[in-house]
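The chains referred to below are lettered A, B, ... by the order of the sequence lines, with proteins before strands, and numbering in each begins at 1.
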Protein chains: 2
Amino acid sequence: MNTHHLCLGILSLGEASGYEIKKAFEETFCHFQATSFGSIYPALAKLTEQGLVSFREETQEKRPTKKVFTITPAGHEHFYQTLLKSEPAEQYRSDFLFLMMFAHLLPQEHIKTLLNKQTENLEMELGILERILTECQTLTPGMRFTLEYGVTGNKALLKLMQQRSLQLLNEIDAARSPQES
Amino acid sequence: MNTHHLCLGILSLGEASGYEIKKAFEETFCHFQATSFGSIYPALAKLTEQGLVSFREETQEKRPTKKVFTITPAGHEHFYQTLLKSEPAEQYRSDFLFLMMFAHLLPQEHIKTLLNKQTENLEMELGILERILTECQTLTPGMRFTLEYGVTGNKALLKLMQQRSLQLLNEIDAARSPQES
DNA sequence: ACATACATGTAAATAGTTACATGATTTC
DNA sequence: GAAATCATGTAACTATTTACATGTATGT
């Protein structure tokens, strides 16, 4: 799944400009997909070239002119085929867990800071997901599911962070002490 | 955090060959970091050039000669500085959730298959993590923490999958019916 | 006979991020 | 006066994956 597919996906829900597609990824999909302008604009140009989307220019008062993209029937078909042949893969990369692996090398205060930041990050994301779930009325069942998936994971991890943080610090301390004495 | 840092991290725990570093990522770290030979070997060459690691060649009977890498004092210091300045960031990309967002476009049977595959993937990873936790005796407190973090997340998500899968299918069905009649 | 494990490495292709360039309008 | 929002786009850089190349030994 690359930026081309992400753009087609958003456009399958309704027309949008490149800027609006980016916003969708910052708002509704940020917890499981991300992309940047540097990928979106070239992707839209390529999709237009391939006839999978078309656009009209919309002049606005007091705002720059924007290109509003619409998915074509060929685009719908192409996106459908992509969905059918895609595997439900996941990739998770965590610098936080990598840092925790080497917590025994770090000063206790620094570990505390990292654990607090991670907890804050999880809380912030949880807040965003819950806000969308309650505020947005136009969500498809699938979208609601993805948000609940995020909420469930974050809640469980937050609980672990609260239960295990102190224990981790003590364990590291205990492993360090024998060598210092 | 890139392949250079990942290699230094593994080598900070003990000497290893490129092949063994790859194995470490397939076994103990697979749930939050991944890399490939095409990244590891060039990274080790660069690190050697920079004096952050050194190696000796070890000839083996009935096995190809291997290069055993050791982290240097400069390497330890460099790795420590990297750990200190790194933020506890996370990035999660899920084709599964992207597919679920567009579940309303897919045949019911296909959605079921995707949900089952995702459940199987979560179960498989959970099994691996729990096996390492019980079998490995030489884990640092931090490593134990990363494994428990994975176990907690996967268990919560598995529970959700069991509770919500049928409901999602029904919701999609209900949203589809009015248009068909 | 075929696949897998061991072992190292290169090259091409793919993909993505970041910074830059431009410029009006609105909010603090 | 500065920063943020709206709006599009390019170019350089960074990183990673995949496939290829080579070869032995072991297990099925």
Side-chain angles (χ1 to χ4, degrees), chain A residues 1-8 10-11 15-27 29-30 32-49 53-69 82 86-87 89-93 95 98, chain B residues 1-8 10-11 15-27 29-30 32-49 53-69 82 86-87 89-93 95 98:
Chain A
M1 221 57 89
N2 60 26
T3 301
H4 288 77
H5 303 128
L6 303 186
C7 289
L8 276 183
I10 305 293
L11 294 176
E15 52 178 38
S17 66
Y19 193 84
E20 286 160 357
I21 290 173
K22 175 73 193 307
K23 261 207 315 194
F25 281 103
E26 273 165 6
E27 288 162 12
F29 317 108
C30 62
F32 66 91
Q33 291 289 344
T35 190
S36 61
F37 286 131
S39 295
I40 291 171
Y41 288 117
L44 289 170
K46 197 69 180 285
L47 290 169
T48 305
E49 208 183 275
V53 305
S54 62
F55 69 90
R56 60 166 201 280
E57 293 212 326
E58 206 167 90
T59 43
Q60 301 174 106
E61 280 174 54
K62 310 206 176 179
R63 293 241 174 284
T65 298
K66 65 177 178 181
K67 286 187 180 179
V68 179
F69 290 87
T82 303
S86 297
E87 290 294 311
E90 305 215 73
Q91 98 188 57
Y92 172 61
R93 294 217 178 174
D95 282 1
F98 185 74
Chain B
M1 221 57 89
N2 60 28
T3 303
H4 288 79
H5 302 128
L6 302 185
C7 289
L8 275 184
I10 305 294
L11 293 176
E15 52 177 39
S17 66
Y19 193 84
E20 285 160 357
I21 291 173
K22 175 73 192 307
K23 259 206 316 191
F25 281 102
E26 273 165 7
E27 288 162 13
F29 316 108
C30 62
F32 66 92
Q33 291 289 344
T35 191
S36 61
F37 287 131
S39 295
I40 291 171
Y41 287 119
L44 289 170
K46 197 69 179 283
L47 291 169
T48 304
E49 209 182 274
V53 305
S54 62
F55 69 90
R56 60 165 201 280
E57 294 212 325
E58 206 167 88
T59 44
Q60 302 173 105
E61 280 174 54
K62 310 206 177 180
R63 293 235 176 285
T65 297
K66 65 177 176 182
K67 286 186 178 180
V68 179
F69 290 86
T82 303
S86 296
E87 289 295 310
E90 305 215 74
Q91 98 187 59
Y92 172 61
R93 294 217 177 172
D95 282 1
F98 185 75

Can a side chain N or O of [X] be found less than 4.0 Å away from OP1 or OP2 on [N]?
X	N	answer
B/Ser36	D/dT18	no
B/Thr3	D/dA15	no
B/Gln60	C/dC6	no

Output a table of nitrogen or oxygen pairs between the protein and nucleotides 8-12 of chain D separated by less than 3.5 Å.
unit_1: D/dT8; atom_1: OP1; unit_2: A/Lys67; atom_2: N; d: 2.9
unit_1: D/dT8; atom_1: OP2; unit_2: A/Tyr19; atom_2: N; d: 3.0
unit_1: D/dT8; atom_1: OP2; unit_2: A/Tyr41; atom_2: OH; d: 2.9
unit_1: D/dG9; atom_1: OP1; unit_2: A/Lys67; atom_2: NZ; d: 2.4

(Q) Let me check the geometry of the helix from C/dA1-D/dT28 to C/dC28-D/dG1. What is the bend angle between the axes at its two ends, five pairs each, to 10°? (A)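 Result, rounded to 10 degrees: 50°.
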
(Q) What is the separation between atom CD on B/Gln33 and atom C1' on D/dT17, rounded to the nearest whole Å? (A) 16 Å

Q) Expressed in angstrom and rounded to an integer, what is the separation of A/Met1 atom CE from C/dT14 atom C1'? A) 17 Å

Q | salt bridge (charged side-chain N to carboxylate O under 4.0 Å, His left out) partners for B/Glu26, two or more places apart | A | B/Lys22

Q) Does B/Lys66 have any salt bridge (charged side-chain N to carboxylate O under 4.0 Å, His left out) partners at least two apart in sequence or in another chain, and if so, which? A) B/Glu20

Under 3.5 Å, side-chain donor or acceptor atoms of residues 1-8 of chain B against the rest of the protein: list the pairs with distances, not counting sequence neighbours.
unit_1: B/Asn2; atom_1: OD1; unit_2: B/His4; atom_2: N; d: 3.0
unit_1: B/Asn2; atom_1: OD1; unit_2: B/His5; atom_2: N; d: 3.3
unit_1: B/Asn2; atom_1: OD1; unit_2: B/His5; atom_2: ND1; d: 3.3
unit_1: B/Thr3; atom_1: OG1; unit_2: B/Thr35; atom_2: OG1; d: 3.1
unit_1: B/His5; atom_1: ND1; unit_2: B/Asn2; atom_2: N; d: 3.2

Q: Can you sort out the partners of A/Glu27 under side-chain hydrogen bond (donor to acceptor under 3.5 Å, both in side chains), two or more places apart, ordered by chain and number?
A: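 For A/Glu27 there are no side-chain hydrogen bond (donor to acceptor under 3.5 Å, both in side chains) partners, ignoring immediate neighbours.
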
**Q.** Residues that A/Phe32 engages under ring pair (Phe, Tyr, Trp, His ring centres under 6.0 Å), provided they are two or more places apart
**A.**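 With neighbours one apart ignored, the set is empty.
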
Q. Who are the ring pair (Phe, Tyr, Trp, His ring centres under 6.0 Å) partners of B/Tyr92, not counting sequence neighbours?
A.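 So B/Tyr92 forms no ring pair (Phe, Tyr, Trp, His ring centres under 6.0 Å) with any residue.
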
Would you tabulate the nitrogen or oxygen pairs shorter than 3.5 Å linking the protein to nucleotides 23-28 of chain C?
none

Check side chain to side chain contact (heavy atoms under 4.5 Å, CB included) between [X] and all other residues, then give those that pass, not counting sequence neighbours.
X	value
A/Gln91	A/Arg93, B/Arg93
B/Thr48	B/Val53, B/Phe55, B/Phe69
B/Arg63	B/Gln60

Q. With side chains defined as the heavy atoms from C-beta onward, is the minimum distance between A/Leu47 and A/Leu11 less than 4.5 Å?
A.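 A side-chain contact under 4.5 Å is absent here.
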
